[in-house]
Structures are given as C-alpha cells and as structure tokens.
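Because only heavy atoms are used, hydrogens play no part in the values below, and waters and symmetry mates are left out as well, while side chains stay in. Throughout, protein chains are lettered first and strands after them, A, B, ... in sequence-line order, and every chain is numbered starting at 1. Computed from a predicted model, the values in this text were never measured in an experiment.
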Number of protein chains: 4
Amino acid sequence: MQVKKEDLRQQILEAAKQEFLDKGYENSSMRVIAKKANTTMGNIYHYFDNKEALLTTLLDPVIENLNHLAEEHFVQDDQDYTIDDIEEAFDLINTQIELTEFRYLMDECLLILFDLKTTHYVELREAFMEKARNHMKFHMKMENDESGYLDIVTNMFVDCIRHVLEEKKNPEETRQEFMKVFRMLCTGLVTIKK
Amino acid sequence: MQVKKEDLRQQILEAAKQEFLDKGYENSSMRVIAKKANTTMGNIYHYFDNKEALLTTLLDPVIENLNHLAEEHFVQDDQDYTIDDIEEAFDLINTQIELTEFRYLMDECLLILFDLKTTHYVELREAFMEKARNHMKFHMKMENDESGYLDIVTNMFVDCIRHVLEEKKNPEETRQEFMKVFRMLCTGLVTIKK
Amino acid sequence: MQVKKEDLRQQILEAAKQEFLDKGYENSSMRVIAKKANTTMGNIYHYFDNKEALLTTLLDPVIENLNHLAEEHFVQDDQDYTIDDIEEAFDLINTQIELTEFRYLMDECLLILFDLKTTHYVELREAFMEKARNHMKFHMKMENDESGYLDIVTNMFVDCIRHVLEEKKNPEETRQEFMKVFRMLCTGLVTIKK
Amino acid sequence: MQVKKEDLRQQILEAAKQEFLDKGYENSSMRVIAKKANTTMGNIYHYFDNKEALLTTLLDPVIENLNHLAEEHFVQDDQDYTIDDIEEAFDLINTQIELTEFRYLMDECLLILFDLKTTHYVELREAFMEKARNHMKFHMKMENDESGYLDIVTNMFVDCIRHVLEEKKNPEETRQEFMKVFRMLCTGLVTIKK
DNA sequence: CATGAATGAGTTTTCATTCAT
DNA sequence: CATGAATGAAAACTCATTCAT
C-alpha cells in the first residue's frame with residue numbers, strides 16, 4: 001500500500017496540476033487532489049506545507065524560465081523584421097526555438113499561471129507581460145497611441161502559447177504548431193504595418 | 001433608501017457580473033455580491049432562486065445571441081476570402097459588424113462564459129466553438145489534418161474578442177479595435193495559406 | 001427557536017468566557033462554545049469575526065480598566081506606608097476601593113488574561129505588570145538588588161486578585177475578601193522591611 | 001549521531017518538560033517536542049506510550065513527593081506559631097527546609113501540575129490542596145467561616161512556590177528566596193490574627 | 001419586500017497516533 | 001531502535017441557502 005516517497009510526491013503534484021488546470025487553483029480542493037493522488041488529505045501535508053506550496057512547487061520553475069527568457073530574449077539590439085525579410089527571420093527563429101529555452105516554457109503550468117486570479121503570482125505574471133509588451137513594441141516600432149493594439153497582440157501571443165499547450169502533443173509537434181501560429185500572427189502584423 | 005424592485009434587480013445583476021468577471025463564477029461569494037449591490041444576501045434570494053440563477057440571467061441572452069450569430073452568419077454560401085479580395089471583404093465586414101448582432105456580442109458577459117470551468121454552460125460554449133471552427137474551416141478551405149491549426153486560430157479569434165472587451169472602451173472604439181485585430185488575424189491567415 | 005440578537009450574543013460571550021476560564025483560551029474549541037451557547041459554530045461567526053474576536057470582546061474592557069487604574073492609582077506622590085501608620089492607611093484604601101474603579105477590575109476576565117500564553121494580550125499584560133512592579137517598588141522603597149523579591153511580591157498581589165475572583169462571591173463580599181488578603185500581604189511586607 | 005537509549009529518553013522528557021512549561025500540557029504538540037529532542041515523533045512512541053505518558057513520567061514523582069510531604073509534614077501535633085515565637089519558628093523551618101523533602105518539591109514540574117486544566121492530575125492536585133488547607137487551618141486556628149480566607153492564603157503559598165521556581169536560580173538561591181517570601185507571608189498572617 | 005439569524009456541509013490545516021520499512 | 005509515511009478525527013473558518021420576523 002505504501003509508495004516510495006518521491007513517487008507519491010510526484011503523484012500529488014501531478015494530481016494538483018490536473019486539478020489546477022481543470023478547475024483553477026482557487027477552485028481546487030485538497031480533498032479532491034488527495035483522492036486523485038490516491039492518498040489522504042492529511043498525508044499531503046507531509047509533502048507540502050499547504051495548498052499554496054503545491055502551487056509554488058509547480059509555478060516557481062515556470063517563473064524562473066520566464067525570467068530567463070526575458071533576460072536572454074528580450075534584448076533590444078535585435079533586428080526588427082519587415083515583410084521582405086520575414087521568411088529569413090523565421091528560419092532564424094525556427095532554429096533558435098530548438099536551441100533556446102523556448103521549449104522549456106512549453107509547460108502546462110503556464111496555463112495555471114495565466115488562469116490565476118489571486119496570489120502574488122498575478123503580479124509576477126503581469127510584470128512579465130509588461131516586459132513582453134515592451135519587447136513587442138520595439139519590434140513593431142509602435143507609437144504610444146497604439147498601446148491598446150499592442151496589449152491585444154501581446155495577449156494573443158500568450159494565447160497562442162496557451163492553445164498550443166492545450167493540444168498536449170509531443171514536444172516536436174508542439175514546437176511546429178507554435179511556429180505555425182506564430183508565423184501567422186507575425187505575418188499579419190507585419191503586412192498590416194506595411 | 002429603498003430602491004424600486006427592478007432597480008435593485010439590476011443592481012444585483014451588475015454586482016454579480018463584476019464579481020464573476022473579477023473572481024470567476026466559482027470563486028464569487030454571495031456575501032460579497034450582496035454587499036456590492038447594497039443589499040443583503042437573503043434579499044438576493046427574493047430576486048433569484050440561487051447563485052446559478054444569477055449566472056443564467058447573465059448568460060442566457062449571450063447564449064441566445066451566439067446562437068443567432070451562428071444561424072445567421074455561419075452559413076456556408078459565403079464567399080471565401082483570398083489575399084486578392086481581402087480589402088474588399090473587410091469593407092463588407094466593417095459594414096455588417098455595425099448592422100448585425102455582432103455588436104450585441106460585445107458584452108462583458110462573454111468573458112464570464114469563456115472563463116467558466118463548471119456548469120452546463122461549458123458544454124453550450126463548446127458547442128458554439130465547434131460551429132465556429134467548422135465555419136472557419138470552410139472559409140479557409142482547410143483539410144482535416146490541419147484541425148489542430150484550426151482549433152488554435154479559432155481560439156485566437158475568441159481571444160481577440162476577449163481582449164477587446166477587456167479594454168472597456170465605448171462601443172465605437174471597441175468596434176474599431178476589434179476590426180483592427182481581426183484584420184491582422186485574417187491577413188496573417190490568408191497570406192500564409194497563399 | 002430563534003433568540004433575539006443581543007441575547008444570543010451575550011450567551012455566546014458567556015459560554016466563551018466560561019470555556020476560556022475552564023480550559024484557557026488556546027484550548028477552547030469553537031464547537032464546544034457553540035454547544036454551550038445552544039447554537040451552531042457557523043452562527044457564532046455571525047456575531048464574531050473569529051475566535052480571537054471573542055477574546056477581544058471580553059478582554060478589551062479589562063485592558064482599558066487596567067490602564068485607567070495605572071493612570072489614576074500608580075501616581076508617585078502617594079505617601080508610603082510604614083508599620084506605624086498602616087492601620088490609618090488601610091482605612092483610606094478601604095474607602096478608595098469603594099469609590100474608585102478597583103471594583104471594575106474585579107472581573108473574572110482578568111483570570112483569562114492572566115492565563116493567556118499567546119496573542120498580543122500577553123505583552124499588554126506584561127506592560128501593566130511592569131508598571132505595577134514600579135509602583136510597588138516605590139511604595140516599599142526597594143533597592144535594585146531586591147528585584148527578584150519585588151517580582152514575586154507583585155505576582156502574589158495578582159494572585160490575591162485571582163483567588164478572590166475564583167470565589168465568585170457578590171461584589172461586596174469580594175471587596176472585603178480582597179481587603180483582608182491585601183492587608184495581610186501588606187502587613188507582612190511592611191513588618192519585614194522594618 | 002545516535003544517542004544511547006537512556007540519554008534520548010531523558011532528552012525527550014526534558015523537551016516535553018520545557019514545552020509543557022511554555023505552552024501548557026494541552027497546547028504542546030508532539031511534533032515540537034520531537035524536534036526539540038532531536039528525534040522523530042514516531043520514535044517518541046518507542047519510549048512512551050502516548051502524550052499522557054510523558055506527563056505521567058514527569059508528574060508521578062512530583063505527586064509522590066507531595067504525598068510524602070503531606071504524610072510527614074502535615075501532622076497535627078506541630079506547634080502553632082504566634083507572633084511571639086515566629087522568629088524562633090523560622091529558624092526551625094529554615095533548617096528543616098534544607099533537610100527535608102521540601103527541596104525535592106522545588107521542581108519545575110510543579111508548575112506543570114499547577115497549570116493543568118485537564119487529566120486526572122487536576123483531582124490529585126486538588127486533593128493535595130485540600131490537605132494543605134487543612135494543615136494551614138490547624139496552624140492558624142481558623143474557624144469555618146474563614147474558609148474563603150484560608151483558600152486564598154493557601155493558594156498564595158502555592159504561588160509563592162510558583163514564582164520562586166520561575167526565577168530559575170540555583171538551589172541555594174531558590175531556597176533563600178522562598179524563605180524570604182514565605183516569611184513575609186507568615187508574618188502577615190500571624191500579625192493580622194493577633 | 002427586506003433583514004439577518006440560523007444551518008450544515010464545505011474549506012484548509014493540525015495533531016496524536018500507528019505502521020511498514 | 002529509528003524513520004517518516006500514513007491515517008482519521010478535530011480544529012478554525014466559509015459559504016450557499018433557508019427561514020422567522
């Protein structure tokens with residue numbers, strides 16, 4: 001009946017992750033998570049201090065990855081793309097995406113993060129989004145009066161990630177799907193700006 | 001101090017709507033809604049049978065509008081757009097969007113619907129999404145093996161609506177913003193297919 | 001079945017007071033308090049925000065009385081008593097004790113305060129005790145090297161109050177009992193100092 | 001790292017004693033005791049049957065000492081003291097207190113016993129207190145109508161012990177402090193009776 | 001209509017105790 | 001002996017809902 005420590009820990013985390021994805025963190029109940037992890041509520045507290053610790057364990061690596069991404073990718077000396085060199089640029093991105101940490105971002109826990117309504121992660125998330133908006137603003141040479149536009153496009157980029165993740169394919173398929181949608185989004189953006 | 005019956009009903013609905021938007025339906029508490037509506041929890045139950053009745057009152061018209069939209073707009077004899085006639089097509093849509101029920105869809109309650117995790121509305125929402133996917137599949141002459149792609153694009157379309165609504169501008173501005181993002185999205189789609 | 005609001009509020013407070021006296025605040029359970037107050041746990045939360053609010057409602061007036069007492073009675077221009085004028089001094093005190101707020105201190109809740117192990121009241125209590133020690137130090141013309149002695153005597157004074165209160169007699173009897181023990185304590189102190 | 005059996009047993013007892021003194025028996029948690037004893041909760045149960053067994057091990061010797069004291073000291077053929085021979089009497093007590101089991105009573109566990117709110121020790125404690133009251137009643141030639149007075153004085157005697165113990169000085173200092181307060185208490189008692 | 005008291009099941013969390021290893 | 005995983009009951013507190021007034 002007894003499972004080895006690390007196994008159960010993973011089972012609990014997996015159950016929590018599924019519940020958080022399904023119901024959202026705030027609506028998930030420890031009782032249900034315990035049941036899904038084939039253990040008791042009390043026992044979960046041997047592995048995690050409290051409900052938020054479950055969230056923390058899942059999201060802290062994600063936040064760290066987001067910060068890495070921001071530091072490494074959101075650098076302002078990149079070229080900006082036009083319709084003329086966009087194909088070329090995509091080839092570059094296509095290669096990068098295989099090499100960089102982009103793929104580490106492809107984690108369902110991102111969806112938990114983006115659905116959160118409470119906790120301090122909301123602020124961390126918004127801080128990242130602000131950076132992403134600034135990055136995109138630079139790339140697209142946007143004026144301040146286009147800020148609403150910018151906001152929407154950035155969110156669509158996020159949703160692009162979101163929906164790729166919801167497909168739950170294998171990493172390679174996920175990457176391709178992401179590139180397909182990303183390309184479409186960028187093409188639209190650049191064409192319209194022209 | 002006493003408010004007329006219909007007024008209070010609206011106040012309650014408005015408070016519920018704001019709470020549902022802020023916290024999500026499942027995380028909203030009747031106590032807070034009552035407080036925001038300047039009435040008591042008990043009194044809410046004179047106007048609405050239960051918590052779900054609040055949701056129903058808010059979402060049923062939205063569902064009805066979605067169904068109208070599906071019946072009227074998702075008809076298969078529409079022209080499909082190519083890069084060559086896209087400008088012309090947009091002028092048409094631009095006109096339609098002013099005349100048709102599109103504008104009635106521009107209702108924050110849509111956001112409540114799209115954030116729901118439980119209740120039967122999830123199924124109604126998914127049914128509408130399926131229709132929307134089929135519609136888009138036709139427009140874009142997609143093959144079955146592109147279904148993942150299709151799914152993502154449809155969701156992005158939804159998010160386009162979502163984020164326009166979150167801007168909370170006046171109707172005319174909202175419509176323009178929507179058209180801007182919609183045009184970008186479509187341009188990307190069509191260009192890529194070319 | 002329904003009791004008027006203020007009645008039940010008092011019932012709950014009385015039940016809490018008895019439980020706190022019996023088991024100590026930390027060991028008292030809301031469930032038991034509810035049962036003793038003939039209501040449900042949930043209902044207590046209509047009257048009081050949480051368990052500590054029960055304590056606060058009981059102890060805040062006590063703290064206030066202690067502060068009044070300290071301000072009014074712990075004044076340093078009092079005469080100090082010697083064995084020679086002690087009888088005379090007692091007559092004075094006997095009168096004062098009838099007129100001043102001393103009698104308001106004769107509240108069982110003092111016992112709750114003195115048994116507390118946690119919460120911020122511990123600090124408030126100790127602050128008062130420090131003042132009382134200083135007051136007694138002045139009266140008894142104590143030197144610093146007698147501080148241990150002082151501490152003990154002050155605590156015995158407190159216990160004098162404590163045990164008078166535990167007798168649960170009517171106010172007049174309580175006052176007399178207090179004076180009897182107080183006189184004994186002071187006589188011992190003064191005689192020994194001589 | 002491993003400690004010899006008897007050593008660990010003592011460590012656990014010491015940790016329990018400190019916790020019981022700090023938080024009271026009822027508020028102490030086995031988890032904290034285990035941590036303070038540098039062992040695990042489970043392991044405590046190899047040495048002691050349950051939480052109450054910890055208490056029993058600490059308090060049974062104390063109870064036994066109290067019973068010895070009662071049998072040996074609470075004998076009714078003692079002299080009774082008056083104001084005239086009190087100095088002489090104190091010299092006697094001062095000697096006795098060094099020789100007799102009085103010193104064995106000077107055990108912090110007494111404080112645990114006097115703070116207990118539950119368990120059968122409450123009854124044992126009260127039984128001892130009753131004997132002590134009877135003893136003091138005899139010494140002071142009290143009438144029945146002075147029983148309230150008696151109760152208080154006995155409790156003050158207990159508190160006298162309590163506060164001496166809380167000072168945590170070395171045995172000799174403790175004895176002297178006790179004598180100082182004890183003398184003051186008795187002087188007051190006897191003088192007043194006069 | 002309106003109030004807010006009342007209920008009971010739900011929530012997260014803690015705790016003494018047991019048990020497999 | 002020792003570990004720490006596991007359990008189940010109890011803790012404080014919340015919440016949708018009902019009902020007396």
* To do: Name all residues meeting the ring pair (Phe, Tyr, Trp, His ring centres under 6.0 Å) criterion together with A:F128; count only those two or more places apart in sequence or in a different chain, and write none if there are none.
  => A:F74
* **Pairing residues for B:T40 by the side-chain hydrogen bond (donor to acceptor under 3.5 Å, both in side chains) criterion, not counting sequence neighbours** => none
* **B/S/- contact track for nucleotides 11-16 of chain F, protein heavy atom under 4.0 Å** => SSBBBS
* Asked: Would D:E52 and D:T119 count as having a side-chain donor-acceptor pair, cut-off 3.5 Å?
  -> no
* To do: Kindly indicate, with the supporting measurements, whether the criterion side-chain hydrogen bond (donor to acceptor under 3.5 Å, both in side chains) is fulfilled by C:N27 and D:Y25.
  => CA-CA 10 Å; C:N27 287 323; D:Y25 168 69; over 6 Å; no
* To do: Quick one: the dot-bracket string of DNA chain F, using Watson-Crick and G-U wobble pairs with both distances under 3.5 Å, [ ] for crossing pairs and | for bases paired to another strand.
  => .||||||||||||||||||||
* Asked: Taking atom P of F:dA5 as reference, at what distance in whole Å does atom CD of A:Q11 sit?
  -> 14 Å
* Give a yes or no answer on whether the side chain of D:S28 reaches the backbone of D:E19 with a donor-acceptor pair at less than 3.5 Å. => yes
* Structure fact -> The side-chain hydrogen bond (donor to acceptor under 3.5 Å, both in side chains) partners of B:E14 (sequence neighbours excluded) come to B:Q18
* To do: Taking only the side-chain nitrogens and oxygens of B:T39, find out if one of them lies under 4.0 Å from OP1 or OP2 of E:dA2.
  => no
* To do: Using the C1' atoms only, state how far E:dC1 lies from F:dT21, rounded to an integer number of Å.
  => 13 Å
* **Length of the CG-C1' vector between A:L54 and E:dT12, whole Å** => 12 Å
* To do: Could you tell me the separation between the CZ atom of A:R9 and the C1' atom of F:dA6, rounded to a whole number of Å?
  => 17 Å
* To do: Could you pull out all residues at least two apart from A:N43 that satisfy side-chain hydrogen bond (donor to acceptor under 3.5 Å, both in side chains)?
  => A:T39
* Atom-pair distance (CG on A:L8; P on F:dG4), nearest Å -> 16 Å
* Structure fact -> From NZ of B:K35 across to C1' of E:dT3 the rounded distance in Å is 14 Å
* What integer distance in Å separates B:F48:CZ from E:dC1:P? -> 13 Å
* Structure fact -> On DNA chain E, more 5' by nearest nucleotide between C:I44 and B:N38 is B:N38
* Asked: Does any N or O in the side chain of D:E26 come within less than 3.5 Å of the main-chain N or O of D:T118, such that one atom is a donor and the other an acceptor?
  -> yes
* To do: Would you please confirm or rule out a distance under 4.0 Å between OP1 or OP2 of E:dA6 and any side-chain N or O of C:T40?
  => no
* Asked: Is there side-chain contact between C:D22 and D:K117, with heavy atoms separated by less than 4.5 Å?
  -> no
